[in-house]
Amino acid sequence: MNNNSNTQNIMNVADLKIKNLVEYKNQIYNITEIFQDNNEKDYFVKIENEIHSFSVPANSIKPIQITEEWLEKFGFLRTYISDQRIRYERPEAFIKYDIDLSSRKIVDGLKIYGNSIRCKYIHEFQNIFFLPFRKRAGNNELRISRHRILIIIYFPIRKMLLH
(Lines give C-alpha, C1' and ligand atoms only; values in the text may rest on other atoms or scores of the structure.)
Protein backbone atom coordinates (compact mmCIF):
# COMPACT_ATOMS: atom_id res chain seq x y z
CA MET A 1 0.00 0.00 0.00
CA ASN A 2 2.86 2.35 -0.54
CA ASN A 3 2.10 5.51 -2.46
CA ASN A 4 4.73 7.49 -4.29
CA SER A 5 5.34 10.95 -2.90
CA ASN A 6 4.69 12.84 -6.09
CA THR A 7 2.29 15.56 -7.07
CA GLN A 8 -0.35 13.02 -8.12
CA ASN A 9 -0.79 12.12 -4.45
CA ILE A 10 -1.48 15.66 -3.22
CA MET A 11 -5.11 15.75 -2.19
CA ASN A 12 -7.48 18.54 -3.14
CA VAL A 13 -9.05 19.83 0.08
CA ALA A 14 -12.38 20.27 -1.75
CA ASP A 15 -12.50 16.48 -2.22
CA LEU A 16 -12.05 15.71 1.47
CA LYS A 17 -15.01 14.72 3.62
CA ILE A 18 -15.39 13.79 7.27
CA LYS A 19 -14.72 10.04 7.76
CA ASN A 20 -12.54 9.76 4.63
CA LEU A 21 -9.66 7.34 5.05
CA VAL A 22 -6.27 8.88 4.27
CA GLU A 23 -2.60 8.10 4.76
CA TYR A 24 -0.25 10.14 6.92
CA LYS A 25 3.32 8.99 7.59
CA ASN A 26 2.53 5.45 6.38
CA GLN A 27 -0.43 5.01 8.74
CA ILE A 28 -4.13 5.06 7.94
CA TYR A 29 -6.42 7.62 9.59
CA ASN A 30 -10.02 8.80 9.49
CA ILE A 31 -10.59 12.51 8.91
CA THR A 32 -12.67 13.87 11.78
CA GLU A 33 -12.50 17.60 11.06
CA ILE A 34 -11.53 19.93 8.21
CA PHE A 35 -10.78 23.55 9.09
CA GLN A 36 -8.93 26.68 8.07
CA ASP A 37 -6.65 28.52 10.48
CA ASN A 38 -7.95 32.05 11.16
CA ASN A 39 -4.56 33.62 10.44
CA GLU A 40 -3.70 31.46 7.44
CA LYS A 41 -5.24 30.53 4.13
CA ASP A 42 -4.08 26.94 4.52
CA TYR A 43 -6.44 24.13 5.42
CA PHE A 44 -5.88 21.60 8.19
CA VAL A 45 -7.44 18.26 8.99
CA LYS A 46 -7.90 16.50 12.28
CA ILE A 47 -7.15 12.82 11.76
CA GLU A 48 -7.41 9.87 14.09
CA ASN A 49 -7.01 6.15 14.36
CA GLU A 50 -7.13 3.88 17.42
CA ILE A 51 -3.76 5.14 18.63
CA HIS A 52 -3.43 8.80 17.59
CA SER A 53 -5.56 11.90 17.16
CA PHE A 54 -4.09 15.21 15.98
CA SER A 55 -4.29 17.99 13.37
CA VAL A 56 -2.00 18.31 10.37
CA PRO A 57 -1.87 20.53 7.28
CA ALA A 58 -4.28 19.15 4.67
CA ASN A 59 -1.51 19.10 2.08
CA SER A 60 0.47 16.63 4.20
CA ILE A 61 -2.01 13.74 3.91
CA LYS A 62 -2.06 11.31 1.00
CA PRO A 63 -4.85 9.42 -0.73
CA ILE A 64 -4.96 5.64 -0.39
CA GLN A 65 -4.95 3.87 -3.74
CA ILE A 66 -7.65 1.26 -4.29
CA THR A 67 -5.99 -2.15 -4.46
CA GLU A 68 -7.27 -5.71 -4.66
CA GLU A 69 -6.77 -5.97 -0.89
CA TRP A 70 -8.96 -2.89 -0.28
CA LEU A 71 -11.65 -4.15 -2.67
CA GLU A 72 -11.83 -7.41 -0.73
CA LYS A 73 -12.09 -5.45 2.55
CA PHE A 74 -15.04 -3.60 1.00
CA GLY A 75 -16.83 -6.87 0.26
CA PHE A 76 -15.89 -7.26 -3.40
CA LEU A 77 -15.00 -10.71 -4.77
CA ARG A 78 -12.73 -11.38 -7.74
CA THR A 79 -14.94 -12.78 -10.48
CA TYR A 80 -12.80 -12.55 -13.62
CA ILE A 81 -9.12 -12.37 -14.53
CA SER A 82 -7.35 -12.16 -17.90
CA ASP A 83 -4.15 -10.69 -19.29
CA GLN A 84 -5.98 -7.38 -19.76
CA ARG A 85 -8.31 -7.02 -16.78
CA ILE A 86 -9.27 -8.15 -13.29
CA ARG A 87 -12.92 -7.71 -12.32
CA TYR A 88 -14.28 -7.50 -8.79
CA GLU A 89 -17.99 -7.54 -7.97
CA ARG A 90 -20.09 -6.95 -4.90
CA PRO A 91 -23.08 -9.16 -4.11
CA GLU A 92 -25.23 -6.42 -5.64
CA ALA A 93 -25.01 -7.31 -9.33
CA PHE A 94 -24.91 -3.68 -10.48
CA ILE A 95 -21.64 -2.76 -8.69
CA LYS A 96 -18.31 -3.80 -10.22
CA TYR A 97 -14.71 -2.62 -10.11
CA ASP A 98 -12.32 -3.28 -12.98
CA ILE A 99 -8.55 -3.16 -12.74
CA ASP A 100 -7.14 -2.55 -16.20
CA LEU A 101 -3.80 -4.31 -16.57
CA SER A 102 -2.99 -2.62 -19.87
CA SER A 103 -0.93 0.54 -20.02
CA ARG A 104 -3.88 2.56 -21.37
CA LYS A 105 -6.11 2.03 -18.29
CA ILE A 106 -9.29 2.55 -20.33
CA VAL A 107 -11.57 0.27 -18.30
CA ASP A 108 -10.02 0.99 -14.89
CA GLY A 109 -12.45 1.94 -12.14
CA LEU A 110 -15.90 1.56 -10.67
CA LYS A 111 -18.92 0.46 -12.71
CA ILE A 112 -22.45 1.12 -11.47
CA TYR A 113 -25.21 -0.19 -13.74
CA GLY A 114 -22.61 -0.26 -16.51
CA ASN A 115 -21.65 3.40 -16.09
CA SER A 116 -17.92 3.93 -15.62
CA ILE A 117 -16.79 6.14 -12.77
CA ARG A 118 -13.12 7.03 -12.39
CA CYS A 119 -12.37 6.03 -8.85
CA LYS A 120 -8.70 5.51 -8.07
CA TYR A 121 -8.57 6.29 -4.34
CA ILE A 122 -10.43 5.14 -1.23
CA HIS A 123 -11.73 8.64 -0.38
CA GLU A 124 -13.27 8.91 -3.87
CA PHE A 125 -14.96 5.55 -3.35
CA GLN A 126 -16.26 6.71 0.04
CA ASN A 127 -17.54 9.97 -1.39
CA ILE A 128 -19.42 8.19 -4.18
CA PHE A 129 -21.24 5.87 -1.80
CA PHE A 130 -21.61 7.79 1.43
CA LEU A 131 -22.52 11.38 0.53
CA PRO A 132 -25.74 10.69 -1.40
CA PHE A 133 -27.07 8.82 1.62
CA ARG A 134 -26.18 11.29 4.37
CA LYS A 135 -29.69 10.94 5.86
CA ARG A 136 -28.88 7.30 6.53
CA ALA A 137 -25.39 7.90 7.84
CA GLY A 138 -25.97 5.40 10.61
CA ASN A 139 -26.16 2.64 8.00
CA ASN A 140 -23.17 3.83 5.98
CA GLU A 141 -19.94 3.65 7.83
CA LEU A 142 -16.38 2.69 7.34
CA ARG A 143 -14.51 2.11 10.56
CA ILE A 144 -10.85 1.42 10.93
CA SER A 145 -9.34 -0.70 13.63
CA ARG A 146 -5.99 -2.34 14.09
CA HIS A 147 -7.42 -5.71 13.11
CA ARG A 148 -9.81 -5.09 10.24
CA ILE A 149 -11.77 -2.70 8.12
CA LEU A 150 -15.53 -2.94 8.44
CA ILE A 151 -17.75 -1.52 5.76
CA ILE A 152 -21.51 -1.37 5.89
CA ILE A 153 -23.07 0.25 2.85
CA TYR A 154 -26.72 0.92 2.10
CA PHE A 155 -27.17 0.92 -1.69
CA PRO A 156 -30.41 2.64 -2.81
CA ILE A 157 -28.67 3.62 -6.05
CA ARG A 158 -31.35 2.13 -8.29
CA LYS A 159 -33.97 4.39 -6.69
CA MET A 160 -31.71 7.40 -7.23
CA LEU A 161 -31.12 6.58 -10.89
CA LEU A 162 -34.80 6.05 -11.64
CA HIS A 163 -35.89 9.44 -10.29
Side-chain angles (χ1 to χ4, degrees), residues 1-35 43-49 56-79 85-137 139-145 148-161:
M1 265 192 265
N2 292 337
N3 289 329
N4 296 333
S5 300
N6 59 30
T7 55
Q8 293 176 348
N9 288 338
I10 293 176
M11 299 182 74
N12 182 348
V13 72
D15 294 337
L16 299 178
K17 309 290 183 253
I18 302 300
K19 298 224 180 216
N20 279 162
L21 289 175
V22 295
E23 182 182 319
Y24 179 73
K25 293 189 176 182
N26 297 318
Q27 291 189 33
I28 297 171
Y29 293 88
N30 278 307
I31 294 177
T32 59
E33 189 177 341
I34 303 166
F35 59 96
Y43 282 89
F44 293 83
V45 290
K46 184 173 182 187
I47 55 176
E48 67 178 33
N49 60 19
V56 297
N59 63 6
S60 67
I61 58 175
K62 296 179 184 177
I64 302 168
Q65 186 142 8
I66 293 175
T67 62
E68 292 185 67
E69 180 183 356
W70 278 105
L71 289 169
E72 290 171 4
K73 289 177 183 179
F74 290 148
F76 284 79
L77 297 173
R78 184 188 304 175
T79 59
R85 175 176 43 176
I86 300 172
R87 170 161 283 175
Y88 277 82
E89 298 182 29
R90 284 204 32 98
E92 304 84 8
F94 57 89
I95 301 172
K96 302 170 180 12
Y97 193 95
D98 286 335
I99 299 171
D100 191 338
L101 300 174
S102 73
S103 60
R104 295 177 61 198
K105 304 289 183 205
I106 294 173
V107 297
D108 211 38
L110 192 62
K111 311 280 185 286
I112 300 176
Y113 286 110
N115 296 304
S116 296
I117 301 170
R118 290 265 183 220
C119 184
K120 188 175 174 181
Y121 299 109
I122 299 299
H123 73 282
E124 294 169 334
F125 181 90
Q126 290 177 292
N127 294 348
I128 289 166
F129 287 110
F130 301 132
L131 290 181
F133 318 119
R134 186 163 281 205
K135 289 186 279 187
R136 299 191 59 119
N139 290 340
N140 303 325
E141 56 184 297
L142 182 61
R143 292 190 301 241
I144 184 168
S145 74
R148 64 184 178 159
I149 302 292
L150 172 66
I151 186 167
I152 304 166
I153 301 177
Y154 176 71
F155 284 104
I157 295 173
R158 174 170 259 162
K159 292 177 188 173
M160 287 179 50
L161 293 175

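FYI, side chains are in, hydrogens and waters are out, and symmetry mates aren't considered; it's all heavy atoms of this structure.
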- prompt: Any donor and acceptor pair, going by atom type alone, linking the side chain of Arg90 with main-chain N or O of Phe74 inside 3.5 Å?
  reply: yes
message: For Tyr29 and Tyr24, take the angle between the two ring planes, folded into 0 to 90°, and tell me which bin it lands in: parallel under 30, tilted 30 to 60, perpendicular over 60.
response: perpendicular
Nearest non-hydrogen partners of Asn20 and Gln126, listed with the distance: CA-OE1, 3.1 Å
message: Ignoring hydrogens, what is the shortest heavy-atom contact between Asp108 and Asp98? Give both atom names and the distance.
response: OD1-O, 3.2 Å
message: With a 6.0 Å cut-off (strictly less than), is the heavy-atom count around NZ of Lys46, excluding the residue itself, greater than 12?
response: no
- request: Drop me the distance from Glu92's CD to Ile112's CD1, to the nearest 0.5 angstrom.
  value: 10.5 Å
Reported OG-to-CD distance for the pair Ser60 and Glu23, which is rounded to 0.5 angstrom: 11.0 Å
- prompt: Rounded to the nearest 0.5 Å, how far does CD1 of Ile117 lie from CG of Leu110?
  reply: 5.0 Å
- prompt: What are the two closest heavy atoms between Ile31 and Lys17, and how far apart are they?
  reply: CB-O, 3.9 Å
query: Taking the six-membered ring for Trp, are the ring centroids of Tyr97 and Tyr88 within less than 6.0 Å of each other?
result: no
field: Heavy-atom pair with the smallest gap, counting every atom of His123 and Leu21
entry: CB-O, 4.2 Å
message: More than 12 heavy atoms of other residues, nucleotides or ligands under 6.0 Å from OH of Tyr43: yes or no?
response: no
query: Between atom OH of Tyr113 and atom CD1 of Ile95, what is the distance when rounded to the nearest 0.5 Å?
result: 8.0 Å
Nearest-0.5 Å distance that lies between atom CD1 in Ile66 and atom NZ in Lys73: 13.0 Å
field: CZ-NZ distance between Arg87 and Lys111, expressed to the nearest 0.5 angstrom
entry: 6.5 Å
message: Could you go through Ile99 and Leu71, starting from their C-alpha distance and side-chain angles, then the distance that decides it, and tell me whether this counts as side-chain contact (heavy atoms from CB on, under 4.5 Å)?
response: CA-CA 11 Å; Ile99 299 171; Leu71 289 169; 4.1 Å; yes
field: Nearest heavy atoms of Ile47 and Thr32, plus distance in Å
entry: N-OG1, 4.3 Å
field: Heavy-atom closest pair, residues Leu16 and Ala58
entry: CD1-CB, 4.5 Å
message: Has Lys96 got a side-chain atom pairing as donor or acceptor with Ala93's backbone, closer than 3.5 angstrom?
response: yes
statement: Test side chain to side chain contact (heavy atoms under 4.5 Å, CB included), reference Ile28, set Asn49, Ile122, Ile64, output is Ile64
